[in-house]
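Take a look at the structure below.
Reminder, nothing fancy here: chain letters follow the sequence lines and each chain counts from 1.
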There are 2 protein chains.
Amino acid sequence: MAIGPVSRTAVSDAVFAGLLEEILGGRLVPGDPLPSERELAEGFAVNRHAVREALKRLQQSGLVAISQGGRTRVQDWRQHAGLESLVALSFSGAVPPAKLVEDILVMRAAVGADAARLCAEVATPAQVDAVQRAAADYPETPSPPEQLVAVDLVFWTAVVDGSQNVAYRLGLNTLAGGIAQIGADHFAGLLEEYADRDTHVALADVIAARDARAARDQAAHLLGLPLSTSTPR
Amino acid sequence: MAIGPVSRTAVSDAVFAGLLEEILGGRLVPGDPLPSERELAEGFAVNRHAVREALKRLQQSGLVAISQGGRTRVQDWRQHAGLESLVALSFSGAVPPAKLVEDILVMRAAVGADAARLCAEVATPAQVDAVQRAAADYPETPSPPEQLVAVDLVFWTAVVDGSQNVAYRLGLNTLAGGIAQIGADHFAGLLEEYADRDTHVALADVIAARDARAARDQAAHLLGLPLSTSTPR
DNA sequence: CGAAATGAACTGGTCCAACCAGTTGACAGG
DNA sequence: CCTGTCAACTGGTTGGACCAGTTCATTTCG
């Protein structure tokens, strides 16, 4: 066991995680009232303020509805939770991790392909440069999963930056955060097949050539997005 | 002025909004330390707990980094903020609202098109049914913007549900929330051109026919996504 | 008897004050 | 000059009190 800082989890974070677990795990059905703040504080053996911090965050995530005087109630995460709750789902068992990983990669593919298209259209010269440099950084030989995921992230960050679409940028942040928390290992296997340097360099080149159509197709192929052919397995 | 419940903004929400404004407005540059919790409490004339609740939420949004003992520092939202911060950007002036609306619609187009493809491939019969019913609900005559946006949301919710992709579902929630907060008016004009009933019914039909390719193309066309032709205006 | 007013017993919202637990930096000692 | 130390910050946590809405059983009046 290596020597390092002990993981000091803040109390309110623990409460947040605990309630998240209860809600996403399905033990609290949408519409159900949560125990009162005072009861929760007693149950978790923490101060009420800590509970309140956790509840405020759950509210921000769209997982509960708080109303003064009334009770705090659970909301349906499928209806109200935002993309940022994606990660939490993987730890709660509400959705099988494998399914979740696949879904994330599918979204990555759709967004990535369109970002590549936009990037070819509107990226500044400096941004195109960044894409080409990122592509050149891909390792030529097989590499450990973490490094692969890291390099991949740098490349696609450059592409999304070039697309100059704020929504894509923030969405990438969320998905990247999700990948990081779920663990690179789960993604490495799925990424490996696409992770050859030449293809990425080629993509960077068509972007540099301002060929939006080619950039889109190349990216879609790279990311495993079914495109011109519909093959419902 | 109509009579109605006064808007009772929670104190911590006000603090959250205030700090959001400071950060996204650029008055606090990434790396800058925030005033201490005690100073903020005094500045906003509220209790320190309210400040803490707000800061916790900012931390969850990836906008600040909190460390015990050290000072709380501003993070670069372009690097760390998630998709859920999209709306906040529109109110801070960090990104022009028009640009933001366009970016959201572009993302909606990319995701919507792929969701339609998936929906045609994997949706359950019940889900296909829901899509067709939603399409039938489109008004045949011009309608007020709010209603248009609402009907549109129902339709695409059905499509995304049919895609059975959790990431798409949560992403839709986030984008829909963004549209709601920014105001339907900003979107109505852009939506109008695509909002004819026949096209949506046609899309629903190709989905029901399980034609993934056609569903994708139809949806892309409907959402204004450049596809087979790359026409950098 | 039934409908409306009442009010106690909840709920969350806010505040004060104190103390614990890390970080920082100036300052004294080697 | 380097180094240890300690006071003065920072955020983290707690307790308790009170305010402000909601709920619902009870009471009161038509």
Side-chain angles (χ1 to χ4, degrees), chain A residues 2-20 22-23 27-75 80, chain B residues 3-20 22-23 28-75 80:
Chain A
I3 295 181
V6 195
S7 69
R8 272 176 294 269
T9 309
V11 179
S12 72
D13 290 345
V15 175
F16 179 75
L19 291 175
L20 207 58
E22 288 293 307
I23 295 172
R27 277 176 293 287
L28 285 173
V29 174
D32 277 0
L34 252 57
S36 75
E37 294 180 352
R38 291 166 177 86
E39 286 172 350
L40 287 173
E42 191 178 355
F44 283 106
V46 300
N47 188 276
R48 196 178 143 211
H49 292 296
V51 173
R52 283 185 54 77
E53 284 178 14
L55 287 176
K56 262 288 179 188
R57 290 174 59 194
L58 286 174
Q59 180 188 37
Q60 175 167 329
S61 300
L63 296 175
V64 304
I66 303 178
S67 62
Q68 182 175 355
R71 310 188 61 160
T72 297
R73 293 180 176 279
V74 177
Q75 284 190 301
H80 295 96
Chain B
I3 296 180
V6 193
S7 69
R8 271 174 291 270
T9 310
V11 178
S12 72
D13 290 344
V15 175
F16 179 76
L19 292 175
L20 207 58
E22 289 293 307
I23 295 173
L28 286 172
V29 174
D32 278 0
L34 253 57
S36 75
E37 293 181 351
R38 291 165 176 86
E39 286 172 349
L40 287 173
E42 191 178 356
F44 283 105
V46 301
N47 188 272
R48 198 178 141 209
H49 290 296
V51 173
R52 284 185 55 77
E53 285 178 14
L55 287 176
K56 263 287 180 189
R57 289 173 60 192
L58 286 174
Q59 179 189 38
Q60 174 167 324
S61 299
L63 295 175
V64 304
I66 303 177
S67 61
Q68 183 174 354
R71 311 189 61 161
T72 298
R73 292 179 177 280
V74 176
Q75 285 190 298
H80 296 97

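- Applying a 4.0 Å cut-off to non-hydrogen atoms, the residues of residues 52-61 of chain B that approach DNA chain D are B:Arg52, listed by residue number.
- Partner of B:Val15 under the side-chain contact (heavy atoms from CB on, under 4.5 Å) criterion, chosen from B:Asn47, B:Val46, B:Leu58: B:Val46.
- Distance, B:Glu37 CD to D:dC9 P: 16 Å, rounded to whole Å.
- Across all non-hydrogen atoms, the minimal contact from B:Ala54 to B:Ser12 is CB-O, 3.7 Å.
- Pairs engaging residues 54-68 of chain B under the salt bridge (Lys or Arg N to Asp or Glu O under 4.0 Å) rule: A:Asp13-B:Lys56, B:Asp13-B:Arg57 [sequence neighbours left out].
- Distance B:Ile66 CD1 to C:dT23 P: 15 Å, rounded to the nearest Å.
- Shown here are the side-chain hydrogen bond (donor to acceptor under 3.5 Å, both in side chains) partners of B:Glu39, two or more places apart in sequence or in another chain: there are none.
- Between the P atom of D:dC9 and the CG atom of B:Leu34 lies a distance of 19 Å, rounded to the nearest Å.
- Scanning for side-chain hydrogen bond (donor to acceptor under 3.5 Å, both in side chains) contacts around B:Ser61 gives A:Gln60, with sequence neighbours left out.
- Relative to the side chain of B:Val11, the nucleotides D:dT10, C:dC15, C:dG12 differ in distance, and C:dC15 lies closest.
- Taking the side chain to side chain contact (heavy atoms under 4.5 Å, CB included) definition, one finds that A:Arg27 meets it with A:Glu21, A:Glu22, sequence neighbours left out.
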Got a list of side-chain donor-acceptor pairs under 3.5 Å for residues 63-72 of chain A, not counting sequence neighbours?
| unit_1 | atom_1 | unit_2 | atom_2 | d |
| --- | --- | --- | --- | --- |
| A:Arg71 | NH2 | A:Leu34 | O | 3.3 |

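- Considering only residues two or more places apart in sequence or on other chains, B:Gln75 meets the side-chain hydrogen bond (donor to acceptor under 3.5 Å, both in side chains) condition with none of them.
- With sequence neighbours left out, B:His80 forms a ring-ring contact (aromatic ring centres under 6.0 Å, His included) with no residue at all.
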Show each protein N/O and nucleotides 19-23 of chain D N/O combination with a separation under 3.5 Å, one pair to a line.
| unit_1 | atom_1 | unit_2 | atom_2 | d |
| --- | --- | --- | --- | --- |
| D:dA20 | O4' | A:Gln68 | NE2 | 3.4 |
| D:dA20 | N3 | A:Gln68 | NE2 | 3.4 |
| D:dG21 | N2 | A:Gly69 | O | 3.4 |

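- For B:Thr72, whose side chain is taken as the heavy atoms from C-beta onward, the closest listed nucleotide among D:dG11, D:dT14, C:dG12 is D:dG11.
- The stretch residues 41-48 of chain A touches DNA chain D through A:Val46, A:Asn47, A:Arg48, each having a heavy atom under 4.0 angstrom from the strand.
- In terms of polar N and O atoms assigned as donor or acceptor, the side chain of B:His49 comes within less than 3.5 Å of the base of D:dT14 in a complementary pairing.
- By the side-chain hydrogen bond (donor to acceptor under 3.5 Å, both in side chains) test, A:Arg48 is found to be paired with A:Glu37, residues two or more places apart in sequence or in another chain being considered.
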